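The structure presented is a predicted model; accordingly, all values stated were derived computationally and were not measured.
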Amino acid sequence: QLQLVESGGGSVQAGGSLRLTCAASGYITNRYSMAWFRQAPGKGREGVASIDSDESTSYSDAVKGRFTISKDNAKNTLYLQMNSLKPEDTGMYYCAADTSSFSYYVKTGYAADFGYWGQGTQVTVSS
C-alpha cells in the first residue's frame, strides 16, 4: 500500500511562489504516474499537473507556464513548483499516484477516482 503525504502549502500574496512536496512511503519507481489535483471551496477536484512513468508532463490550461511538476524517484518524492500565484489558485492540493496515467484528467478537467491519494495541503493566495 502506497501512502502519500503532502507538505509545503501556506498563505502567500498574489505573484508569490510556493513549492509543494509529496513524500511517498513506498517505492514509487518509474512505473508510477503521479499528479497534483486541487479543490477550491465549493468546487469539484480538478487536475493541475501530471507526470507519467516516461517523465512526460501535462498541465491544465489554468496553470500552464506558471507551475512545474517534477519527481525524484530516488527520494520517492513528487514536487510542484508554483510561481506567479493567483487568488484563483487557492484550494486544497492533493497528490495522487497510480500505474495508470492521469494526463487525460489533467488536460480535460474530469475527476479522477482511481489511485492512491494524500490528505492534502492548503494553499491560500491573497490579492
Side-chain angles (χ1 to χ4, degrees):
Q1 180 103 8
L2 189 64
Q3 293 185 328
L4 306 171
V5 179
E6 303 94 335
S7 62
S11 297
V12 296
Q13 290 191 326
S17 298
L18 284 173
R19 187 174 83 152
L20 305 184
T21 298
C22 171
S25 64
Y27 185 41
I28 60 175
T29 76
N30 58 7
R31 73 183 180 95
Y32 274 93
S33 293
M34 301 189 77
W36 289 97
F37 286 76
R38 68 185 181 188
Q39 186 166 18
K43 295 187 178 180
R45 192 162 57 187
E46 63 175 0
V48 173
S50 66
I51 183 165
D52 286 343
S53 56
D54 63 357
E55 304 295 320
S56 61
T57 57
S58 299
Y59 297 91
S60 69
D61 288 342
V63 307
K64 198 173 295 181
R66 300 187 296 122
F67 290 11
T68 303
I69 189 170
S70 62
K71 65 174 179 170
D72 186 331
N73 288 334
K75 295 182 178 180
N76 294 324
T77 303
L78 178 73
Y79 303 98
L80 184 69
Q81 178 66 43
M82 306 187 296
N83 298 327
S84 302
L85 283 162
K86 304 176 181 180
E88 50 264 44
D89 294 319
T90 294
M92 187 70 78
Y93 282 69
Y94 299 91
C95 166
D98 197 78
T99 52
S100 296
S101 174
F102 291 99
S103 63
Y104 170 79
Y105 301 89
V106 166
K107 292 176 181 177
T108 62
Y110 290 129
D113 58 0
F114 59 92
Y116 298 94
W117 294 82
Q119 294 299 307
T121 185
Q122 177 68 35
V123 172
T124 303
V125 184
S126 58
S127 58

Nearest-0.5 Å distance, OG1 of residue Thr57 to NZ of residue Lys64
10.0 Å

Side chain to side chain contact (heavy atoms under 4.5 Å, CB included) between Asp98 and Ser33, worked out:
CA-CA 5 Å; Asp98 197 78; Ser33 293; 5.8 Å; no

4.5 Å side-chain heavy-atom contact, Ser17 and Asn83
yes

Supply the atom-to-atom distance Asn73 CG to Leu78 CG, rounded to the nearest 0.5 angstrom.
10.0 Å

With hydrophobic residues grouped by side-chain heavy-atom distances under 4.5 Å, do Tyr79 and Ile69 end up in a single group?
no

Taking atom CG of Leu85 and atom OG of Ser11, what is their separation to the nearest 0.5 Å?
11.0 Å

So does Glu55 have more than 12 non-hydrogen atoms from other groups sitting under 6.0 Å from CD?
yes

Would you say Tyr110 and Phe114 are hydrophobically clustered, going by side-chain heavy atoms of ILVMFWY under 4.5 Å?
yes

Minimum heavy-atom separation for Leu20 to Trp36, with atom names?
CB-CH2, 3.7 Å

When you measure from the side chain of Gln119 to the backbone of Glu6, do you find a donor-acceptor pair of N or O atoms at a distance under 3.5 Å?
no

Same cluster for Val63 and Ile51 if Ile/Leu/Val/Met/Phe/Trp/Tyr side chains link at under 4.5 Å?
yes

So, taking the atom named OG1 in Thr124 and the one named CE in Met92, what distance separates them when rounded to the nearest 0.5 Å?
9.0 Å

Please tell me whether Leu80 and Leu4 are part of a single hydrophobic cluster in this structure, the criterion being side-chain heavy atoms less than 4.5 Å apart.
yes

Please report the C-alpha distance between Thr68 and Tyr59 in whole Å, then the side-chain angles of each, then the deciding distance to 0.1 Å, and finally whether the side chain to side chain contact (heavy atoms under 4.5 Å, CB included) criterion is met.
CA-CA 8 Å; Thr68 303; Tyr59 297 91; 3.9 Å; yes

So if I apply the ring-ring contact (aromatic ring centres under 6.0 Å, His included) rule between Phe37 and each of Tyr94, Tyr105, Trp117, which one comes out positive?
Trp117

Got a sec, which pairs hit disulfide bond (SG atoms under 2.5 Å apart) with one end in residues 88-127, sequence neighbours left out?
Cys22-Cys95

Sub-3.5 Å donor-acceptor pair from the side chain of Asp52 to the main-chain atoms of Asp54, do we have one?
no

Leu2, Met34: one ILVMFWY side-chain cluster at the under-4.5 Å cut-off?
yes

Heavy-atom nearest pair, Gly9 first then Val123, reads CA-CG2, 4.2 Å

Could you give all pairs that pass the salt bridge (charged side-chain N to carboxylate O under 4.0 Å, His left out) test and reach residues 33-49, with sequence neighbours left out?
Arg38-Glu46, Arg38-Asp89

Heavy-atom closest pair (Gly91 atom, Gln122 atom, distance to 0.1 Å) is O-NE2, 3.5 Å

Please check: side-chain N/O of Ser103 versus main-chain N/O of Ser101, any donor-acceptor pairing under 3.5 Å?
no

Can you tell me if CD on Gln3 sees more than 12 non-hydrogen neighbours from other groups inside 6.0 Å?
no

Donor-acceptor check, side chain of Thr90 to backbone of Val125, threshold 3.5 angstrom: yes or no?
yes

Nearest non-hydrogen partners of Thr99 and Tyr32, listed with the distance
N-CD2, 4.0 Å

Value for OG1 (Thr21) from CD (Gln81), rounded to nearest 0.5 Å, stands at 9.5 Å

On a heavy-atom basis, the closest approach of Ser127 and Ala14 is CA-CB, 4.3 Å

